Engineer: 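Would you mind keeping the following structure in view while I ask a few things?
Predicted, not measured: the structure shown is a model, and the values here were computed from it.
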Amino acid sequence: MERSEFQPLAVVEVDAVRPERQGFTLTGLGTGGAEYQLDLHFEMPLDPRTRAVLGELLSHSELVISRRSPPAALREALRARAGRQNP
């Protein structure tokens, strides 16, 4: 999968990392000064040392939030549907 298929929506500099029961909550300021929150969950238990190391690494991170554009056929179908709803 090529990276060019995805369009960046925001770049978020992580300000705070809060440990949660099964992961972390990251918060920070992003593009245009908007505040973002990301909840990161693990399906396996984290021992205290791993949790501490991950928390430290994540607190010095930057997130790039991107999304893939829908295929052209889907975009056209959504436009047609919106046109029928808003005559």
Engineer: Mind checking what makes salt bridge (charged side-chain N to carboxylate O under 4.0 Å, His left out) contact with R51, not counting sequence neighbours?
Structural biologist: none

Engineer: Give a yes or no on whether the backbone of L29 and the side-chain of E13 come within a donor-acceptor separation of less than 3.5 Å.
Structural biologist: no

Engineer: Determine the minimum heavy-atom distance between S66 and P8, stating which atoms define it.
Structural biologist: OG-CA, 3.5 Å

Engineer: Working to the nearest 0.5 angstrom, can you tell me the gap between E43 CD and Q22 CD?
Structural biologist: 8.5 Å

Engineer: Any link between F42 and V53 through a network of hydrophobic side chains (Ile, Leu, Val, Met, Phe, Trp, Tyr) touching at under 4.5 Å?
Structural biologist: no

Engineer: Can I65 be reached from V11 by stepping across I, L, V, M, F, W or Y side chains whose heavy atoms are under 4.5 Å apart?
Structural biologist: no

Engineer: Measure from the side-chain N and O atoms of T27 to the backbone N and O of Q37, and report whether any donor-acceptor pair falls under 3.5 Å.
Structural biologist: no

Engineer: How far apart are the closest heavy atoms of T31 and L9, and which atoms are they?
Structural biologist: OG1-O, 4.5 Å

Engineer: May I ask you to test the L26-D15 pair for a side-chain heavy-atom distance under 4.5 Å?
Structural biologist: no

Engineer: Is the shortest side-chain heavy-atom distance between V14 and E62 below 4.5 Å?
Structural biologist: no

Engineer: Would you check if L54 and L46 make a side-chain contact, meaning some heavy-atom pair closer than 4.5 Å?
Structural biologist: yes

Engineer: Not counting sequence neighbours, which residues clear side-chain hydrogen bond (donor to acceptor under 3.5 Å, both in side chains) with T25? List them please.
Structural biologist: E20, D39

Engineer: Residues in side-chain hydrogen bond (donor to acceptor under 3.5 Å, both in side chains) with E56, at least two apart?
Structural biologist: H60

Engineer: Do the side chains of F6 and Y36 join up, straight or via other hydrophobic residues, at under 4.5 Å, putting them in one cluster?
Structural biologist: no

